[in-house]
Amino acid sequence: MKDSYIHQGLRSKLITTLRSKGIKDERILSAFMHIPRHLFLDSAFAKWAYTDVAFPIDSDQTISQPYTVAVQTSLLKIKGVEKVLEIGTGSGFQACVLSYLGAKVYTIERQEKLFHKTVRLLDKLGFGRIRTLLGDGYKGAPRFAPFDRILITCGAPFVPQDLLDQLKIGGIMVVPLGEGDVQRMIRITKVSPTKFEQEDFGAFKFVPFLEGVNRSKKI
Ligand code: SAH
């Protein structure tokens, strides 16, 4: 578990790349400067951690591309006090970005093995304040609802009604929507209990949003 000047140098190059791709929010760029992405990857991929690429993580899942994390975070319009529900904890990197911005983060993962690995990592990195939940994101987290923001970080075939119900009026949901290989990045604003506005921010690729919890087998 090390971070070094070399890693910091690589991070500042990644930030230059993100700027060149249109990410302008200094707070988000600062989150990328401070969160050591190489510690979220398998050591085999660590040396490429600061390239703008998605990588495989445990349980056949992926850590999203930095640009995708930056876009999803910008679309959420976080000011720093919001209660945010993330679906798809994965490596925990996106949750750390939201927490760094000051949001109160709840995050759900369905892969039990990956979940436990990530909980340990978040504690070690000083992000133990992130509330981690093992469960099925299709159901959300009704115990902690309503949320100011909901972020789905896996490709959703449809928008679950339970998640729309758990969003505050005036709240924002960001969801990669669509079956198959490619999704559209959709931002939904809840205008009233039954009225939603929708904006489209283009094509992105995500692993699928699957139902149920995948319990790890005991030996
Ligand atoms: N936000 C993550 C991206 C991980 S990829 C990161 O920063 O690394 C998407 C994750 O969504 C995977 O870990 C996958 O297991 C999880 N996922 C898919 N369907 C889910 C569901 N129904 N509930 C919770 N998590 C789910």
Side-chain angles (χ1 to χ4, degrees), residues 14 18 28 31-32 34-42 45-46 48-50 52-76 78 84-101 103 105-122 125 127 130-142 144 147 149-163 166 173-183 185 204-216:
L14 172 61
L18 293 174
I28 295 176
F32 278 87
H34 284 90
I35 302 169
R37 188 172 187 255
H38 64 284
L39 301 179
F40 293 75
L41 301 181
D42 282 350
F45 300 109
W48 296 294
Y50 298 105
D52 192 19
V53 175
F55 285 104
I57 52 172
D58 219 88
S59 309
D60 288 331
Q61 301 306 318
T62 55
I63 176 169
S64 300
Q65 184 186 342
Y67 174 70
T68 303
V69 173
V71 169
Q72 288 205 296
T73 308
S74 321
L75 292 176
L76 284 173
I78 301 285
V84 183
L85 176 65
E86 180 197 25
I87 312 296
T89 313
S91 67
F93 184 82
Q94 169 76 72
C96 289
V97 171
L98 297 170
S99 181
Y100 180 88
L101 295 179
V105 182
Y106 296 77
T107 181
I108 310 181
E109 175 57 54
R110 70 181 287 278
Q111 296 282 357
E112 187 176 19
K113 188 161 169 262
L114 175 60
F115 170 80
H116 290 299
K117 185 177 173 186
T118 299
V119 168
R120 281 195 297 275
L121 177 70
L122 295 180
L125 294 178
F127 280 99
I130 295 172
R131 281 77 168 172
T132 46
L133 310 164
L134 174 66
D136 180 358
Y138 274 95
K139 302 195 174 96
F144 303 105
F147 297 96
R149 302 286 186 265
I150 297 180
L151 174 61
I152 303 184
T153 69
C154 35
F158 59 90
V159 183
Q161 185 61 44
D162 281 346
L163 297 184
Q166 289 171 34
M173 182 188 304
V174 171
V175 48
L177 196 59
E179 279 173 279
D181 277 356
V182 181
Q183 288 79 36
M185 188 67 78
F204 287 81
K205 282 185 169 195
F206 284 83
V207 295
F209 189 1
L210 301 173
E211 282 188 60
V213 177
N214 185 18
R215 304 266 167 205
S216 45

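Indexing begins at 1, ligand by ligand and atom by atom, following the structure's order.
- No side-chain heavy atom of Leu85 sits less than 4.5 Å from a side-chain heavy atom of Arg149.
- For Asp136 and Arg215, the salt-bridge test fails: no basic side-chain N is under 4.0 Å from an acidic carboxylate O.
- Contact of the Ser64 side chain with the Phe55 side chain is not registered, since no non-hydrogen atoms from C-beta on lie closer than 4.5 Å.
- A salt bridge is defined here as a Lys NZ or Arg NE, NH1 or NH2 lying under 4.0 Å from an Asp or Glu carboxylate O, and Asp58 with Lys117 meets this definition.
- Considering backbone and side-chain N/O atoms, Ile63 never comes within less than 3.5 Å of an N/O atom of ligand 1.
- By the 4.0 Å heavy-atom criterion, Gly212 is excluded from the residues contacting ligand 1.
- When heavy-atom distances to ligand 1 are checked against a 4.0 Å cut-off, Val207 comes that close only through its side chain, counted from C-beta outward.
- Proximity of Pro208 to ligand 1, defined as any heavy-atom pair under 4.0 Å, is confined to the backbone N, CA, C and O atoms.
- Under a 4.0 Å criterion applied to the non-hydrogen atoms of Ser64, ligand 1 contributes the atoms 3 (C).
- At least one N or O atom of Gly88, backbone or side chain, sits closer than 3.5 Å to an N or O atom of ligand 1.
- Protein heavy atom closest to atom 7 (O) of ligand 1, with residue, atom name and distance, is Gln94 N, 3.1 Å.
- Among all protein heavy atoms, the one lying closest to atom 9 (C) of ligand 1 is Thr153 O, 3.3 Å.
- At least one heavy atom of Thr89 sits less than 4.0 Å from an atom of ligand 1.
- Looking at Gln111 next to ligand 1, no N or O pair under 3.5 Å apart turns up.
- Between Gln183 and Phe204 the shortest side-chain heavy-atom distance does not fall below 4.5 Å.
- Counting protein heavy atoms only, atom 17 (N) of ligand 1 is closest to Cys154 SG, 3.8 Å.
- Considering backbone and side-chain N/O of Leu210, one or more are found under 3.5 Å from N/O of ligand 1.
- For ligand 1 and Leu114, the ligand atoms under 4.0 Å from any heavy atom of the residue are 13 (O).
- Atom 14 (C) of ligand 1 has Gln61 OE1, 3.2 Å as its closest protein atom, hydrogens excluded (heavy atom only).
- Residue contacts with ligand 1: Glu211 is placed with no nitrogen or oxygen under 3.5 Å of a nitrogen or oxygen of the ligand (distance criterion only).
- Checked against the 6.0 Å centroid threshold, Phe147 and Tyr106 count as a close aromatic pair.
- In this structure, atom 4 (C) of ligand 1 lies nearest to the protein heavy atom Thr62 O, 3.0 Å.
- If you check which protein heavy atom lies closest to atom 15 (O) of ligand 1, you get Glu109 OE2, 2.6 Å.
- Aromatic rings of Phe40 and Phe45 (six-membered ring for Trp) have centroids beyond the 6.0 Å cut-off, not under it.
- With Gln111 as the partner, the side chain to side chain contact (heavy atoms under 4.5 Å, CB included) test is satisfied by one option alone out of Leu210, Val213, Asn214: Asn214.
- Between Glu86 and Thr107, the side chains place a donor N or O and an acceptor N or O closer than 3.5 Å (distance only, hydrogens not considered).
- Of the protein's non-hydrogen atoms, the one nearest atom 23 (N) of ligand 1 is Gly137 N, 2.7 Å.
- Checked against a 6.0 Å centroid threshold, the rings of Phe93 and Phe32 count as neighbours.
- Looking from atom 24 (C) of ligand 1 to the surrounding protein, the closest heavy atom is Arg110 N, 3.4 Å.
- Using a non-hydrogen distance threshold of 4.0 Å, Ser59 does not register as a contact of ligand 1.
- The distance from ligand 1 to the heavy atoms of Gly135 drops below 4.0 Å at these ligand atoms: 23 (N), 24 (C).
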